[in-house]
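Below, read A as the first sequence line, B as the second, and so on, with proteins coming before strands; counting in each chain starts at 1. Remember, it's a predicted structure, so these values are computed and weren't measured experimentally.
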2 protein chains.
Amino acid sequence: MTDKKEKILNAALELFAQDGFKATSTNKVARKAGVSEGLIFRHFESKDGLLQAIIQEGEKRAKVLFADIVLEHDPKLVIEKTLNILFNMMADETAANFWKLQHKIKWETEQYGEHKVEPLIMALTNAFEKLGVENPQMEAKLFTLLMDGLATQFYLVKEFDAHGIVSYIKSKYRF
Amino acid sequence: MTDKKEKILNAALELFAQDGFKATSTNKVARKAGVSEGLIFRHFESKDGLLQAIIQEGEKRAKVLFADIVLEHDPKLVIEKTLNILFNMMADETAANFWKLQHKIKWETEQYGEHKVEPLIMALTNAFEKLGVENPQMEAKLFTLLMDGLATQFYLVKEFDAHGIVSYIKSKYRF
DNA sequence: TACATTTGCAAGTGATTACTCACTATTAAA
DNA sequence: TTTAATAGTGAGTAATCACTTGCAAATGTA
């Protein structure tokens, strides 16, 4: 990975997350990265290729994030850690852009990527079962619904009180 | 409202909801509507004006939908009717496109439109209070979170079991 | 009828789009 | 040191973009 290639990725990530994929021109990306426009196509073939590279990196990060949860034995911690994903998304500006883009792009491409969430649903189902919940699978699905709503409002609602809501949810799920 | 003006609105609604606002060219809209491209600008001034016209129509529909809930006295019915909004969004193809666009456009413009949801949150808060919930305001906010998650998965997850999830939620909120 | 307004179209406009191409600079093995 | 591959540039390209203009047809109104 050359220096300029990484600069392209970073610039693209920020612009795609801010303005959207379609609304961001390759010219803009090149200027922000301090690079000739042609270099984008040398490295990524097409504008879509550039997006795919960013999304792939996102999948990697998601796997790392989910792995810690899937391996967790304590059901209460599975739930808590899942909710903490939201705070992980706020960690720093790069991370924030990263996850914002992942959510944003879902609506632009209309692809949710069910397979990515599947292991998380399994882990949650297992956790709820251990906790004696009547319908653990439904409860797990409901929980992912909540996470989606959380992300939506976190990114789109001004002055959204993430900490307040999350700690309220945690108190509700404290068995 | 002339016949052709309405055809433009319908074509634009469908295309914007399917492919997104930025990704849809005025040329495409005109061709789908069976109309000259110039006519779009005669009636709506700009591409953005066309979008605004559609969104305004959406706000009207939202008001009608919410009014029925806000005026409801029975707290259980407030909750049930709120959840039923999802089924209202599935009523017919036009309605589906309408609400899909409203959700999609949130991410493209990054504006959630808090003020629109405010009366619904008030109604829900009131309902939860009547039902003796400890923290009715938080519970109401949590409920809108759920509704956002519901919409997200309804539009983006293939084979999403809307009826199953909604009836599960209803059973959870049956006090 | 006469006149004014609205509705509509076809053929433009300059700007911007994603992408290509011919070429040079740098790096790294042989 | 020669050779080959990779990294990088800058000036193109045709196509598409939102939008304008001039003029004709339809419609309302007195």
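- Atom CZ in B:Arg31 sits about 11 Å away from atom C1' in D:dT16, given to the nearest Å.
- Side-chain N/O atoms of B:Tyr173 and B:Glu139 include a donor and acceptor closer than 3.5 Å.
- Between the CG atom of A:Asp3 and the C1' atom of D:dA7 there is a distance of 12 Å, given to the nearest Å.
- Near-neighbour residues of DNA chain C inside residues 9-28 of chain A, defined by a heavy atom below 4.0 Å, number-ordered: A:Thr24, A:Ser25, A:Thr26.
- Within the structure, every side-chain polar atom (N or O) of A:His43 is placed at least 4.0 Å from both OP1 and OP2 of D:dT6.
- In this structure, B:Glu80 and B:Lys76 have side chains that are not in contact, with every pair of non-hydrogen atoms separated by 4.5 Å or more.
- Salt-bridge formation is detected for the pair B:Glu110/A:Lys104: a Lys NZ or Arg NE/NH1/NH2 atom is positioned less than 4.0 Å from an Asp or Glu carboxylate oxygen.
- B:Leu77 and B:Phe128 fall into different hydrophobic clusters, where Ile, Leu, Val, Met, Phe, Trp and Tyr side chains are chained together by heavy-atom contacts under 4.5 Å.
- Using a 4.5 Å heavy-atom threshold, the side chains of B:Phe154 and B:Val166 count as separate.
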Dump every N/O contact between nucleotides 9-12 of chain D and the protein below 3.5 Å, one line per pair.
unit_1, atom_1, unit_2, atom_2, d
D:dT9, OP1, A:Lys4, NZ, 2.8
D:dT9, OP2, A:Ser36, N, 3.0
D:dT9, OP2, A:Ser36, OG, 3.1

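- Dashed line: the shortest gap from a side-chain N or O of B:Ser46 to OP1 or OP2 of D:dA18 is not under 4.0 Å.
- B:Leu50 is not listed as a side-chain neighbour of B:Glu45, based on a closest heavy-atom distance of 4.5 Å or more.
- For the pair B:Asp161 and A:Lys141, the salt-bridge criterion is not met [side-chain N within less than 4.0 Å of a carboxylate O].
- Ring geometry, A:Phe16 versus A:Phe21: the interplanar angle exceeds 60°, so the pair is classed perpendicular (tilted spans 30 to 60°).
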